[in-house]
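Just so we're clear, the structure is a prediction, and the values are computed from it rather than from any experiment.
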Amino acid sequence: MMTNSLIRFENVFKAYGDETILENIDFEIKRGEFVFLIGPSGAGKSTILKLLNKEEVPTGGKVYIDDIDLSTVDYSEMYKIRRKIGVIFQDFRVIKSRNVFENVAISLEVTDATDTVIHDVVPNILEMVGLQNKILKKTSELSGGEIQRLAIARALAHEPDIIVADEPTGMIDPKAASEVMNLLLEINKLGTTVLMATHDYNIVNHYRKRVLKIEDGKLISDKKVGTYHE
């Protein structure tokens, strides 16, 4: 059945042994939406994000990306789905042995992009995130906010349909966090769907986007325009 949704969870259940992590999770996200995923530590937010690229698989229920049931996709073919998704990790996961250019280039290398494409795309992406003047810098020479923007550039390099951001402002100062949010909003305006897990109630309350709230593994609210404490 074809739908309008880009991401869809249908009655998703996840358990490790006797411990239930997610229970009866149902939601869908349409193409071009910006959605905050909120809830306390241990609520199940990170598990939801991991289910999207089959880093985890549900114990029950279905996860769909672009109407593709991930349970029908063999691990050897998951790279095709993962190309639809750019992931921004809370701990950045930059490669310290590579410079700024090389950190972004690796996202294209794994898709078998040619050197010509890499040398064309990477400077454009770095300009978009304001790092064009840092292209040959080592990651150790960057500020926390610059490293997070580098992580965003890397996630964008292969032109994904979806950006999944796991606490992207959690380890940077408020000014850098504002810059990161403005960048994510610009990316969203260009048509990329953004799903952002966060504990930062100030950001959620300020930007007033759709809010999915998870508590104890259950989706307890889904507000089209919401705040952290509703």
Side-chain angles (χ1 to χ4, degrees), residues 5-30 33-65 70 85-93 144-145 147-148 151-152 155 162-185 187-188 193-230:
S5 61
L6 185 56
I7 297 169
R8 191 162 89 254
F9 278 54
E10 289 186 354
N11 198 30
V12 170
F13 177 83
K14 179 66 179 177
Y16 298 106
D18 295 331
E19 184 183 7
T20 298
I21 306 300
L22 297 174
E23 185 177 354
N24 301 324
I25 300 295
D26 278 291
F27 67 85
E28 64 178 67
I29 297 174
K30 292 182 171 57
E33 280 197 271
F34 191 116
V35 181
F36 288 118
L37 179 64
I38 68 169
S41 295
K45 301 188 303 299
S46 292
T47 301
I48 286 174
L49 301 187
K50 290 176 180 178
L51 288 168
L52 288 172
N53 64 5
K54 213 169 178 175
E55 188 177 339
E56 297 277 1
V57 295
T59 308
K62 300 286 187 181
V63 177
Y64 296 85
I65 300 291
L70 296 191
I85 304 169
V87 181
I88 302 168
F89 299 98
Q90 180 180 6
D91 57 358
F92 308 138
R93 298 196 189 180
I147 291 175
Q148 190 59 293
I152 292 171
I162 305 162
I163 288 290
V164 173
D166 190 2
E167 301 282 356
T169 62
M171 297 176 68
I172 53 181
D173 62 64
K175 181 178 183 296
S178 178
E179 291 173 354
V180 166
M181 279 305 304
N182 288 335
L183 184 53
L184 289 174
L185 289 166
I187 293 165
N188 178 242
T193 302
V194 178
L195 175 61
M196 175 176 162
T198 184
H199 285 110
D200 193 330
Y201 66 88
N202 287 319
I203 282 177
V204 176
N205 294 345
H206 178 75
Y207 291 100
R208 299 190 65 83
K209 297 292 186 178
R210 180 180 171 193
V211 175
L212 299 174
K213 187 173 184 178
I214 306 290
E215 281 190 9
D216 297 323
K218 297 178 181 178
L219 179 62
I220 64 167
S221 69
D222 180 355
K223 302 283 188 179
K224 187 175 181 181
V225 177
T227 61
Y228 200 97
H229 296 295
E230 284 182 322

For this session: Decide yes or no for Met196 and Thr169: does some side-chain heavy atom of the first lie under 4.5 Å from some side-chain heavy atom of the second?
Result: yes

For this session: Taking all non-hydrogen atoms of both residues into account, name the closest pair between Phe34 and Lys209 and its distance.
Result: O-CB, 3.6 Å

Exercise. Of the non-hydrogen atoms in Pro168 and Ala197, which two are nearest, and what is the gap between them?
Worked result: CD-O, 3.8 Å

Exercise. Mind checking whether Asp26 and Glu10 have side chains closer than 4.5 Å, heavy atoms only?
Worked result: yes

For this session: Could you tell me which residues satisfy ring pair (Phe, Tyr, Trp, His ring centres under 6.0 Å) with Tyr201, sequence neighbours excluded, listed by chain and number?
Result: His229

Seminar exercise, completed: Heavy atoms of Ala176 and Gly145 approach each other most closely as CB-CA, 3.6 Å

Problem set entry | Counterpart residues, ring pair (Phe, Tyr, Trp, His ring centres under 6.0 Å), relative to Phe89 (two or more places apart) | none

Problem set entry | Those residues that, when tested against Glu55, pass salt bridge (Lys or Arg N to Asp or Glu O under 4.0 Å) (two or more places apart) | none

Exercise. So how far is it from Lys213 NZ to Lys218 NZ, rounded to the nearest 0.5 Å?
Worked result: 15.0 Å

Contacts table for residues 58-65: side-chain donor-acceptor under 3.5 angstrom, sequence neighbours left out:
{"unit_1": "Thr59", "atom_1": "OG1", "unit_2": "Ala15", "atom_2": "N", "d": "2.9"}
{"unit_1": "Thr59", "atom_1": "OG1", "unit_2": "Ala15", "atom_2": "O", "d": "3.4"}
{"unit_1": "Lys62", "atom_1": "NZ", "unit_2": "Asp69", "atom_2": "OD2", "d": "3.2"}
{"unit_1": "Lys62", "atom_1": "NZ", "unit_2": "Ser71", "atom_2": "OG", "d": "3.3"}

Exercise. Of all heavy-atom pairs between Glu56 and Tyr16, which one has the smallest distance, and what is that distance?
Worked result: OE2-OH, 2.8 Å

For this session: Over all heavy atoms of both residues, which pair between Asn188 and Glu33 is shortest? Give the atoms and the distance, please.
Result: ND2-O, 3.3 Å

Problem set entry | Listed partners of Asn24 passing side chain to side chain donor-acceptor pair (under 3.5 Å), at least two apart | none

For this session: Please report the closest heavy-atom contact between Asp173 and Lys175, naming both atoms and the distance.
Result: OD1-N, 3.1 Å

For this session: To the nearest 0.5 Å, tell me how far Leu212 CG sits from Lys223 NZ.
Result: 12.0 Å

Exercise. Which residues pass the side chain to side chain contact (heavy atoms under 4.5 Å, CB included) test with Asn182, sequence neighbours left out?
Worked result: Ser178, Leu185, Tyr207

For this session: Could you tell me which residues satisfy side chain to side chain donor-acceptor pair (under 3.5 Å) with Lys224, sequence neighbours excluded, listed by chain and number?
Result: none

Exercise. So with a 6.0 Å cut-off around NZ of Lys54, is the heavy-atom count from everything else above 12?
Worked result: yes

For this session: Working to the nearest 0.5 Å, report the span between OG1 of Thr193 and CD1 of Ile29.
Result: 8.0 Å

Problem set entry | Listed partners of Asp222 passing salt bridge (Lys or Arg N to Asp or Glu O under 4.0 Å), at least two apart | Arg210

Report all side-chain donor-acceptor pairs from residues 36-52 shorter than 3.5 Å, counting only partners two or more places apart or in another chain.
{"unit_1": "Ser41", "atom_1": "OG", "unit_2": "His199", "atom_2": "NE2", "d": "3.3"}
{"unit_1": "Lys45", "atom_1": "NZ", "unit_2": "Gly39", "atom_2": "O", "d": "2.8"}
{"unit_1": "Lys45", "atom_1": "NZ", "unit_2": "Pro40", "atom_2": "O", "d": "3.3"}

Exercise. Can you list every pair that meets ring pair (Phe, Tyr, Trp, His ring centres under 6.0 Å) and has a residue in residues 37-60, with sequence neighbours left out?
Worked result: none

Problem set entry | Euclidean distance, Gln148 CD relative to Ile172 CD1, rounded to 0.5 Å | 5.0 Å

Seminar exercise, completed: Those residues at least two apart in sequence (or on a different chain) that pass salt bridge (Lys or Arg N to Asp or Glu O under 4.0 Å) with Glu167 are none

Problem set entry | Passing option when Ile88 is tested against Val194, Val164, Asp166, Ile152 for side chain to side chain contact (heavy atoms under 4.5 Å, CB included) | Ile152

Exercise. Who passes side chain to side chain contact (heavy atoms under 4.5 Å, CB included) against Asn202, sequence neighbours left out?
Worked result: Asp200

